[in-house]
> 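The structure's right below; bear with me while I get my questions together.
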Amino acid sequence: PLINNPSAALYQTAIGEQKKIQLEDGSTIELNTASRVRVSFSSDQRVVHLEQGEVFFEVTKNTDKPFNVFTQNGQVRVVGTRFSVRQLQEDALVSVQEGTVALGAASNDPDTFIPGSLLNANQQQTLTAAINGESPQALDTAIALAWRKRMLVFNGQSLAAVIVELQRYFPVVIELENKQLADTQVTAVIRLQDLRKTLSAWEGSLGLRSEYDDASNKVVLRLKTD
């Protein structure tokens with residue numbers, strides 16, 4: 001369960017915005033697009049509640065004061081490391097760049113937290129999978145954390161998945177006129193600029209063109225031959 005602490009500091013970003021904040025212990029949190037966290041430190045705990053979105057953590061080592069990240073799906077605990085947590089629709093995804101991260105069911109009592117899984121560098125796992133005792137997955141952090149450099153990297157993902165990811169960063173609806181294109185595989189490095197530049201930089205390689213309807217805040221992707 002999430003701890004209700006009215007004195008916690010609130011940090012958030014709008015769609016397309018990213019923000020880096022240094023905390024009182026020297027740790028930093030880097031909020032990705034449309035993210036919201038609450039941070040509270042006490043004499044024996046460092047606590048962050050991820051309410052929405054995705055955050056990269058660079059945690060200053062302190063063995064006497066664990067750093068805990070709570071989500072709707074469970075808890076992440078570290079002493080000092082570099083990792084990200086992304087709140088998904090029905091789960092939360094943890095990606096580790098450096099160090100070791102413990103995942104498990106949420107516990108308000110620091111003495112009763114029981115890790116379901118330990119992730120090391122270049123490993124990734126959802127909290128549900130960790131709680132169920134499943135094995136972590138290998139992770140390419142250069143791809144998973146490319147958003148920190150305002151880039152998205154795709155390696156064979158479907159066009160439908162690419163569109164879902166792009167819509168995290170732009171407050172628009174992106175539609176495919178031809179639904180059969182949804183399974184088209186995309187391998188690309190996409191720089192997050194303004195929407196028109198971002199789309200024009202990669203749609204040509206797929207033989208697509210964009211049509212913008214500013215009134216309805218919608219972009220339709222269609223084949224250039226149409």
Side-chain angles (χ1 to χ4, degrees), residues 13-20 30-35 50 52-56 73 82-97 119 121-129 134-226:
T13 51
I15 294 176
E17 183 185 12
Q18 293 177 339
K19 186 183 296 183
K20 189 173 185 177
E30 194 169 343
L31 280 69
N32 198 3
T33 176
S35 300
L50 176 60
Q52 176 180 309
E54 180 175 20
V55 179
F56 180 82
N73 309 91
R82 293 160 58 88
F83 67 104
S84 71
V85 183
R86 176 177 172 180
Q87 184 66 55
L88 307 174
Q89 192 167 8
E90 301 292 341
D91 210 335
L93 180 66
V94 181
S95 305
V96 181
Q97 183 179 50
L119 299 189
N122 304 311
Q123 289 187 322
Q124 183 180 63
Q125 192 173 37
T126 65
L127 277 166
T128 298
E134 299 174 22
S135 299
Q137 297 177 327
L139 170 72
D140 186 335
T141 55
I143 293 177
L145 301 175
W147 61 266
R148 300 182 61 222
K149 298 180 179 179
R150 297 292 297 175
M151 294 190 298
L152 300 177
V153 180
F154 299 100
N155 187 15
Q157 282 92 337
S158 69
L159 180 54
V162 172
I163 288 173
V164 169
E165 194 67 12
L166 281 173
Q167 288 186 134
R168 295 178 61 211
Y169 295 87
F170 300 101
V172 297
V173 175
I174 304 175
E175 292 184 350
L176 279 173
E177 184 184 57
N178 185 344
K179 305 302 182 186
Q180 293 178 330
L181 295 172
D183 294 330
T184 302
Q185 290 190 335
V186 177
T187 298
V189 177
I190 299 175
R191 295 191 176 276
L192 291 167
Q193 307 173 76
D194 67 72
L195 179 61
R196 292 174 189 260
K197 286 182 179 179
T198 297
L199 290 179
S200 65
W202 64 277
E203 64 186 5
S205 63
L206 296 177
L208 301 173
R209 60 184 171 88
S210 302
E211 290 194 2
Y212 298 84
D213 185 345
D214 294 331
S216 62
N217 202 32
K218 181 185 296 185
V219 181
V220 178
L221 296 177
R222 50 170 48 98
L223 286 170
K224 282 185 175 179
T225 53
D226 285 354

> Quick check on side chain to side chain contact (heavy atoms under 4.5 Å, CB included): which of Leu199, Val172, Asn217 does Tyr212 satisfy it with?
Leu199
> Given side chains that start at C-beta, do those of Leu119 and Leu139 come closer than 4.5 Å, heavy atoms only?
no
> So, taking the atom named CG in Leu166 and the one named OG1 in Thr33, what distance separates them when rounded to the nearest 0.5 Å?
11.0 Å
> Kindly indicate, with the supporting measurements, whether the criterion side-chain contact (heavy atoms from CB on, under 4.5 Å) is fulfilled by Leu176 and Leu221.
CA-CA 5 Å; Leu176 279 173; Leu221 296 177; 3.9 Å; yes
> Nearest 0.5 angstrom please: Ile163 CD1 to Glu175 CD, how far?
9.0 Å
> Does the side chain of Thr198 pick up a donor-acceptor pair with the side chain of Gln193 at under 3.5 Å?
no
> Under a plain distance cut-off of 3.5 Å, with no hydrogens placed, do Gln87 and Asn73 share a side-chain donor-acceptor pair?
yes
> For the atom pair OG1 (Thr13) and CG (Leu31), what is the distance rounded to the nearest 0.5 Å?
5.0 Å
> What heavy-atom pair brings Lys224 and Gly204 nearest, and what distance separates the two atoms?
NZ-CA, 3.9 Å
> I want to check something: taking the side chain as every heavy atom from C-beta on, are Asn32 and Arg168 in contact at a cut-off of under 4.5 Å?
yes
> Can you give me the closest heavy-atom contact between Val162 and Trp202, atom names plus distance?
CG1-CH2, 4.1 Å
> Using the side-chain contact (heavy atoms from CB on, under 4.5 Å) rule, take Leu93 and Gln124 through it: C-alpha gap first, then chi angles, then the decisive distance, then the call.
CA-CA 7 Å; Leu93 180 66; Gln124 183 180 63; 3.5 Å; yes
> What's the spacing between Ser135 OG and Gln125 CD if we round to 0.5 Å?
7.5 Å
> Taking it one step at a time, do Leu206 and Val186 satisfy side-chain contact (heavy atoms from CB on, under 4.5 Å)?
CA-CA 8 Å; Leu206 296 177; Val186 177; 3.9 Å; yes
> Quick one: pull up CG in Asp140 and CG in Asn155 and give me the separation to the nearest 0.5 Å.
8.5 Å
> Using distance only, find each side-chain donor-acceptor pair of residues 143-152 under 3.5 Å and give its atom names and separation, not counting sequence neighbours.
unit_1	atom_1	unit_2	atom_2	d
Trp147	NE1	Glu54	OE2	3.1
Arg148	NE	Glu30	OE1	2.9
Arg148	NH2	Glu30	OE1	2.9
Arg150	NH1	Gly16	O	3.0

> What residue pairs, at least two apart or across chains, pass salt bridge (charged side-chain N to carboxylate O under 4.0 Å, His left out) with a residue in residues 188-202?
Arg196-Asp214
> Got a sec, which residues hit side-chain contact (heavy atoms from CB on, under 4.5 Å) with Ala201, two or more places apart in sequence or on another chain?
none
> Can you measure from CG (Leu208) to OG1 (Thr184) and round to the nearest 0.5 angstrom?
7.5 Å
